[in-house]
Amino acid sequence: MEADPNRPVRSRRVRGAVAGLVAAFAGLAVAQLVTAVARPEAAPVTAVGGAAVDLTPTAVREWAIGLFGSADKAALALGIVLVLAVAAGLTGLLAVRSLPAGVAVTAAFGLVGAAAALSRPEASWRDALPSLAGALASAGVLWLLVTAARRPRPAGAPAEGAWTVDRRGFGRLVGAVVAGSALAGLVGRRLGAHGSAGATASRASLVLPPPAVPAPPVPAGADLRVPGLGPFITPARDFYRVDTALVVPRVDADTWRLRIHGEGVSRPLTLDLRELLARPLAEHDVTLTCVSNEVGGPYAGNARWLGAPLAELLREAGVRPPSEGGPADQIVARSVDGMTLGTPVETVMDGRAALLAVGMNGAPLPFAHGFPVRMVVPGLYGYVSACKWLTELRLTTFAAYDAYWVRRSWAARAPVKTQSRIDTPRPYAGLAPGRVAVAGVAWAQHRGISRVEVRVDGGPWREARLGTADGADTWRQWVWVWDAAPGPHTLEVRATDGTGAVQTDVRSGTVPDGATGLHRVDVRVKALGGTPGGAPGP
C-alpha cells in the first residue's frame, strides 16, 4: 500500500496540539499549587475572570445574569477555560513550527494572568506568583513535549518528513506529565482547603447570642402555603446570590476586624467579632432584592437577620446624618475582596432596621452570604446596601467618591421599586378548566404592600387576598382564585404599596436603578375533553 505523504504533517500537528493542551494543564496545576502561598483570588482563571467582570459592559453583564442566573460565575470560569484550551492547542501548533515562538506566547499568557491578579482590589505582589509560576511550568512542559515529539529527518528522507513523531515515547511522556500535574493540582487544592480550615472551624464553633430585641414570630397567615408558591421565609440554601466574587471569600471569624472611619467620625472604631457580638443585637425579618432582577425575576428573598443596629454604631463613632448637620452623606462599605458599595447615611440613620448582620434564619451567615458580617438595609437594592464579607465602613460624600457599581452606569441611590410576581401557574402551563389558584409575592420594602390585583386578558383588575403582613420590610404573599375557561390566556399582576402608590405598568430595564413594569404569564386552559383550549374535541 502506498504511504500517505501527508501523514507526518498531520501527526506533527496532532502532537503539537496535544503538547499545547498538556502544557496548559500543567501550568494551571502548578498555579493552583502556588496559589496556596497567595490567596484564592490570585488563581489565574479567577483573576482573569474578575478582571473580565470589571471590563464587561453593563448590558452584557445583565444579559449574562439573565441567561445563567446565579450560575453566571461558573459559566464565566468555564468560558475562560475553553478559550484557554483553544489558545493552548493553537500555541502547541505554533511551537511545532517555531518552538521559541510557542514558548513566548505561553509566557505572554502568564504575564496577562499576573497583570489581572495585580489589578484586583487588595492585591499584593504575591498575587502575581501563581500566574508566573504556571507560565514557567507551562513553557517548560511545552518545550519538553515538542522536543521529545520530534527527531531529525533520517538521511535521504523526503523534505516533507523533516520531523517525525516518536509516538510511544511521546505518549509515555504525556502520561507522566498529566499524572504529575494532576498530583500538583490536587495538593494545591488540599493546601487551599487547609488554608480555609480556620474559617470553616470558626464558623462551626460560633454560637450566636440571643437577640436583645427578638423578632416576633411570623404571624399566622403570612405563609399562604399555596402549591407552587415558595415559603414565606427563604431557606439560606435557596436564597439568591448575585455578586462578582468568582471564589467565595472564606473569612476567619477569629481574625476578622471592622474599621469605621472617615468624614464626621469623631471617634473612629475598630471592632472584632467578639466585641460586635457583645453588643445588644436585634432580629428583623427583611426581604432583600437585587437590582439585576428583571420583572418577575427570582432575585428576591426573605430571611430573618440577626445583627448589631448600624445606626447605633455610627452614633457611637460621632456620625451625624446630613439632616443634623453631618458632613458625610455616603457610607462606603468595603468587602474583604475589595468590593465597594455606597449607602446613604440619611437612610441608614432614619430609624429603619439597618443591621451589621451576623446571623441568617437562626444560624451564622453562610460563607456565600457574607460570613462573618454583612450589611442589611431594608428598602435599598443590594448593590447600594448589602455588602458581604464586610471589613470597612468609610464615611464620605457622593460627590467625592463613586462606588464600584456607580462607576459602571448604575445609580448612586437606589430605593427598591414596588414589584409583584406570579409564581403559580408557571408560564405556558397547561391547566384544567375551573378554579385555579393564581399566587405569588409582592414587595416594596420599607413601604409595605397594601393591595395586589390580578387581571386576565386585559380585563378588569380583581383584588387578590393578601397574606398577613410581617412588617413593612418584607414581601407579602397573595392569592387569587380564577374560574379558568378553556383557551389561551394572559395573567397580569400589580401591587399598591403602603403609601397608596400603584405599581407602574411602564416597562423599563434594570439599568440604572431597577426594572419596572407588570409581570405577565401566558397559560393555556384545556377544553373539557382534555384537548388544549380552542382546539376541537375528538
Geometric class of the Trp305/Phe239 ring pair [parallel <30°, tilted 30-60°, perpendicular >60°]: perpendicular

Within 6.0 angstrom of Arg507 CZ, more than 12 heavy atoms from elsewhere: yes

Pro44 and Ser131, any side-chain heavy atoms less than 4.5 Å apart: yes

Any donor-acceptor pair under 3.5 Å from Thr340 side chain to Ala403 backbone: no

Side-chain touch Val53/Leu246, heavy atoms, less than 4.5 angstrom: yes

Chi angles and distances behind the side-chain hydrogen bond (donor to acceptor under 3.5 Å, both in side chains) call for Asp54, Tyr404: CA-CA 9 Å; Asp54 287 351; Tyr404 181 91; 2.3 Å; yes

Phe109 to Ala87 - nearest heavy-atom pair and separation: CZ-CB, 3.5 Å

Nearest-0.5 Å distance, CG of residue Leu21 to CG of residue Leu84: 9.0 Å

Basic-acidic side-chain contact under 4.0 Å: Asp127, Arg120: no

CA sep, side-chain torsions, deciding dist, call: Thr244, Met339, side chain to side chain contact (heavy atoms under 4.5 Å, CB included): CA-CA 8 Å; Thr244 63; Met339 171 60 66; 3.2 Å; yes

Contact check, side chains of Phe232 and Thr474, non-hydrogen atoms, under 4.5 Å: yes

Pairwise side-chain contact, Asn293 with Pro298, heavy-atom cut-off 4.5 Å (strictly under): yes

Donor-acceptor under 3.5 Å (Trp125 side chain, Leu118 main chain): no

Shortest non-hydrogen contact from Gly113 toward Val48: CA-CG2, 4.1 Å

Pro364 and His369, any side-chain heavy atoms less than 4.5 Å apart: no

Asp473 (side chain) donor-acceptor with His446 (main chain) under 3.5 angstrom: yes

Side chains of Val86 and Leu82 in contact at under 4.5 Å (non-hydrogen atoms): no

Check: Ser138 and Thr91 side chains under 4.5 Å, non-hydrogen atoms: no

Polar contact flag, side-chain donor to acceptor under 3.5 angstrom, His261-Glu392: yes

Greater than 12 external heavy atoms within 6.0 Å of Arg267's CZ: yes

Nearest atoms (heavy-atom pairs only) where Asp329 meets Arg413: OD2-NH2, 3.7 Å

Nearest non-hydrogen partners of Ile260 and Ala317, listed with the distance: CG2-CB, 4.3 Å

Tyr381 OH to Asp513 CG distance, which is reported to the nearest 0.5 Å: 7.5 Å

Distance in Å, Gln419 CD paired with Thr289 OG1, rounded so as to fall on 0.5 Å steps: 9.0 Å

Under 3.5 Å: donor-acceptor pair, side chain of Arg394, backbone of Val332: no

Euclidean distance, Leu276 CG relative to Leu390 CG, rounded to 0.5 Å: 9.5 Å

Leu94 backbone acceptor or donor facing Ser98 side chain under 3.5 Å: no

Pair Ser508, Thr516: side-chain N/O donor-acceptor within cut-off below 3.5 Å: yes

Side chain to side chain contact (heavy atoms under 4.5 Å, CB included) between Leu136 and Val30, worked out: CA-CA 9 Å; Leu136 183 62; Val30 170; over 6 Å; no

Inter-residue atom distance Ile331.CD1 - Thr396.OG1, 0.5 Å rounding: 11.5 Å

Between CZ on residue Phe371 and CH2 on residue Trp256, distance to nearest 0.5 Å: 10.5 Å

Whether Trp475 and Trp443 hold their rings parallel, tilted or perpendicular, with breakpoints at 30° and 60°: tilted

Under 3.5 Å donor-acceptor, Thr391 side chain and Arg259 backbone: no

Sidechain-backbone polar pair: Arg352 side chain, Met349 backbone, donor-acceptor under 3.5 Å: no

Between Thr200 and Arg250, a side-chain donor and acceptor under 3.5 Å: yes

CA sep, side-chain torsions, deciding dist, call: Val441, Gln477, side chain to side chain contact (heavy atoms under 4.5 Å, CB included): CA-CA 4 Å; Val441 290; Gln477 295 187 348; 3.9 Å; yes

NZ or CZ of Arg408 within 45° of Tyr383 ring axis and under 6.0 Å: no

CA sep, side-chain torsions, deciding dist, call: Leu132, Leu111, side chain to side chain contact (heavy atoms under 4.5 Å, CB included): CA-CA 7 Å; Leu132 295 179; Leu111 293 175; 4.1 Å; yes

Side-chain ion pair, Asp337 and Arg39, N-O less than 4.0 Å: no

Test item: Thr397 side-chain N/O and Ala400 main-chain N/O as donor-acceptor pair under 3.5 Å: yes

Contact list for residues 278-288, test side-chain hydrogen bond (donor to acceptor under 3.5 Å, both in side chains), sequence neighbours left out: Arg279-Glu316, Asp285-Arg304, Thr287-Asn302

Over all atoms of both residues, closest heavy-atom pair of Ala47 and Ala116: O-CB, 3.8 Å

Sub-4.5 Å side-chain heavy-atom contact between Pro372 and Leu206: no

Nearest heavy atoms of Val103 and Ala139, plus distance in Å: CG1-CB, 3.8 Å

